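Heads up: the structure comes next, in C-alpha cells.
What's counted below: heavy atoms across the whole structure, side chains too, no hydrogens, waters or symmetry copies. Predicted model, so just to flag it, every value in this text is computed and none were measured.
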Amino acid sequence: MNSKKLIQALTLPVLIGTAWLDVSAQDGSTAYNFLNTTSSARIYGLGGINITNVDDDIYTTDQNPALLGGEMSGQLGINYMRYLGDSNFAGLKYAHSSGEYGAWSASIQYFGYGSITAADEGGVITGSFAPKDVSFGAAYSYDIYGGWRGGISVKLLYSSYEQYSAMAVSTDLGVNYYNPDTDFSFSFVAANMGGQLKKFNDTSDRLPIDLRLGVAKSFGEFPVRFSVTAWNLTKWHLPYVEKGDGGVNSEPVVKDSFSSNLFRHLVFGAEIISSSKFYLTLGYNYKTRTDMSTYSRSFVSGFSLGAGLNTSRFRVGLALAQPHTGATTLMLNLSLNINDILH
C-alpha cells in the first residue's frame, strides 16, 4: 500500500466518524466506558489519557495505534491494575513488524469488578455474581511520509453481567507526526467508534465515542517532556456537582463555567527523559479530580505518578494514583523482547 492510498484509507473513516460523532454526542450516556481505562503504566502516570508519547514501549500504543511501529517488533507485554474497590484488570499484548514500513499488534484485556451480591425483585438474596468485560484487539500502523504515521485498531468486546451478556466492536483511528530533532509530537485520534453486535436486552448502548488531540514537546537541554491531551471533544459542556464540605448547611452546586469546562477537557503530563534507561512521570487530570468532588476527596485526587526502568532484557513500569481517600489505584507493566531471548 503506497502512502496516498493509506492516507485515503485513514481519512475517509475519520471524516465519516466525525459526522457520526456530531450527531451521536447529542444524546444520552454511554456504556463500555472501560475503553477509556488505559493498560499502560506510563500513560496512567501521565494522567490516564495520552496519545503522543513516542517510544519503543509497546504500551505507549494503548490509546493511539499510530504510535505502533516496527521498532517494537517482538515485544510481549503483560499488564496488571488494581483499580477501584475489588476491581482487577489484566492483559497481554504482542507487536511485530510488517514489511519495511508497517507493524501489527494483538492484545487481550480483562476487566473484572469483583463479587456483587445478587437479589430478586423482592430483595431476597439469591447469591452473587462477578461482572466482567473482555476486549480482544488487533492493530496495524504504517509509516506514511516523513515523520507521519497512521494506524487503526479494532477491538471485539464481550461483557457478562450476571445472566446478561453483550458484544460490541470498537475502532480507533489515529495519526501521529513526530520530529526527533525537536522532540515534537502531534496526534489526532478518533476513538471508540463502533456499535453493539449483541444487546444486553432490548436497549441499545452507545460506545464512548470521542475525538482527541494531543501535543508533546521537550525544550532544549531541559530533560522534561511536557504533554497536553484534549479529549471529550464531542461535547463542550461537562458539568459536575460540587458537594461542599459535607456539613449540614452545605448545598450541592452545579459547576458549568467556561474555565471548568475547558480544564475538564485537558490532561497535563510531564516526563523526565534524561536517560533512556528510566523515566519518571507526573500527570494531572482535572476531570478525575472534579468527578470525585465530595468532601472526602483526597488532596492528591487528579494527580498520578509513574516510573519505569529499561534494561537490556526487559522493561518494567509502575504507576500510582489516589482519586479518592478510599481508593488507591496501582498499575504494573512488564515487557520483554522475544527476539532478544531467542538470540
Side-chain angles (χ1 to χ4, degrees), residues 34-64 67-68 72 75 77-84 87-91 93 107 109 111 176 183 185 187 189 191 212 214-218 222-231 263-292 297-311 314-324 327-336:
F34 63 88
L35 288 170
N36 292 327
T37 303
T38 182
S39 61
S40 166
R42 198 163 189 167
I43 291 176
Y44 196 61
L46 288 168
I49 302 290
N50 189 288
I51 60 173
T52 52
N53 195 302
V54 177
D55 193 74
D56 60 351
D57 178 359
I58 188 173
Y59 277 108
T60 59
T61 69
D62 183 72
Q63 295 175 345
N64 185 358
L67 299 180
L68 176 66
M72 302 172 191
Q75 276 197 43
I78 304 171
N79 70 82
Y80 169 76
M81 184 178 195
R82 176 68 175 178
Y83 201 53
L84 305 178
S87 299
N88 291 276
F89 307 156
K93 180 176 285 190
S107 65
Q109 193 71 23
F111 302 83
N176 173 257
D183 193 33
S185 176
S187 290
V189 174
R212 299 170 182 175
V215 293
K217 181 77 169 66
S218 62
F222 190 56
V224 179
R225 179 186 295 122
F226 299 95
S227 63
V228 181
T229 307
W231 68 309
F263 283 99
R264 277 169 64 82
H265 284 87
L266 302 177
V267 178
F268 301 92
E271 179 178 15
I272 295 177
I273 53 172
S274 57
S275 171
S276 61
K277 299 298 183 181
F278 72 90
Y279 69 83
L280 295 172
T281 60
L282 172 66
Y284 181 66
N285 188 322
Y286 182 70
K287 186 176 186 300
T288 295
R289 182 171 181 82
T290 51
D291 284 345
M292 297 293 177
R297 175 179 62 193
S298 170
F299 172 76
V300 295
S301 177
F303 289 94
S304 56
L305 294 171
L309 177 66
N310 179 23
T311 74
F314 64 89
R315 291 173 176 263
V316 61
L318 184 69
L320 178 71
Q322 189 183 57
H324 195 272
T328 299
T329 59
L330 178 68
M331 176 172 286
L332 175 67
N333 286 167
L334 178 64
S335 62
L336 51 83

Check for a donor-acceptor pair, side chain of [X] on one end and backbone N or O of [Y] on the other, with a separation under 3.5 Å.
{"X": "Thr281", "Y": "Gly306", "answer": "yes"}
{"X": "Glu271", "Y": "Arg42", "answer": "no"}
{"X": "Thr329", "Y": "Ala321", "answer": "yes"}
{"X": "Ser274", "Y": "Pro223", "answer": "no"}
{"X": "Asn285", "Y": "Val267", "answer": "no"}

- prompt: With a 4.0 Å cut-off, would you call Asp55 and Arg315 a salt bridge?
  reply: yes
Tell me, do [X] and [Y] make a side-chain contact under 4.5 Å, heavy atoms counted?
{"X": "Ile273", "Y": "Asp183", "result": "yes"}
{"X": "Ile49", "Y": "Lys287", "result": "no"}
{"X": "Tyr59", "Y": "Ser39", "result": "yes"}
{"X": "Leu305", "Y": "Leu282", "result": "yes"}
{"X": "Phe34", "Y": "Gln109", "result": "no"}

Looking at every heavy atom in both [X] and [Y], which two are closest together, and how far apart are they?
{"X": "Arg82", "Y": "Asn88", "value": "NH1-ND2, 3.1 Å"}
{"X": "Ala319", "Y": "Gly45", "value": "CB-N, 3.9 Å"}
{"X": "Arg289", "Y": "Val300", "value": "NH1-C, 4.3 Å"}
{"X": "Ala41", "Y": "Asn333", "value": "N-OD1, 2.7 Å"}
{"X": "Ser301", "Y": "Met292", "value": "OG-CB, 3.9 Å"}
{"X": "Gly48", "Y": "Gln63", "value": "O-NE2, 3.0 Å"}

- request: Fit a plane to each ring of Phe263 and Tyr286, take the angle between them on a 0 to 90° scale, and name the class: parallel (under 30°), tilted (30 to 60°) or perpendicular (over 60°).
  value: perpendicular
query: Parallel under 30°, tilted from 30 to 60°, perpendicular over 60°: which one fits the rings of Phe226 and Phe222?
result: parallel
- request: Would you please test Thr52 and Leu67 for side chain to side chain contact (heavy atoms under 4.5 Å, CB included) and show each step?
  value: CA-CA 8 Å; Thr52 52; Leu67 299 180; 6.0 Å; no
- request: Tell me, please, which residues at least two apart from Asn310 pass side chain to side chain donor-acceptor pair (under 3.5 Å).
  value: none
If we ignore angles and hydrogens, is there a donor and acceptor under 3.5 Å between the side chains of [X] and [Y]?
{"X": "Asn79", "Y": "Ser40", "result": "no"}
{"X": "Thr60", "Y": "Asn53", "result": "no"}
{"X": "Gln322", "Y": "Thr328", "result": "yes"}

Once you round to the nearest 0.5 Å, how far does [atom1] of [X] lie from [atom2] of [Y]?
{"X": "Thr311", "Y": "Lys277", "atom1": "OG1", "atom2": "NZ", "value": "7.5 Å"}
{"X": "Ile78", "Y": "Phe314", "atom1": "CD1", "atom2": "CZ", "value": "12.5 Å"}
{"X": "Leu332", "Y": "Tyr44", "atom1": "CG", "atom2": "OH", "value": "13.5 Å"}
{"X": "Thr229", "Y": "Trp231", "atom1": "OG1", "atom2": "CH2", "value": "10.5 Å"}
{"X": "Gln75", "Y": "Leu68", "atom1": "CD", "atom2": "CG", "value": "10.0 Å"}
{"X": "Lys93", "Y": "Asp62", "atom1": "NZ", "atom2": "CG", "value": "5.0 Å"}

- prompt: Passes side chain to side chain contact (heavy atoms under 4.5 Å, CB included), Asn50 versus Asn64? Steps please.
  reply: CA-CA 8 Å; Asn50 189 288; Asn64 185 358; over 6 Å; no
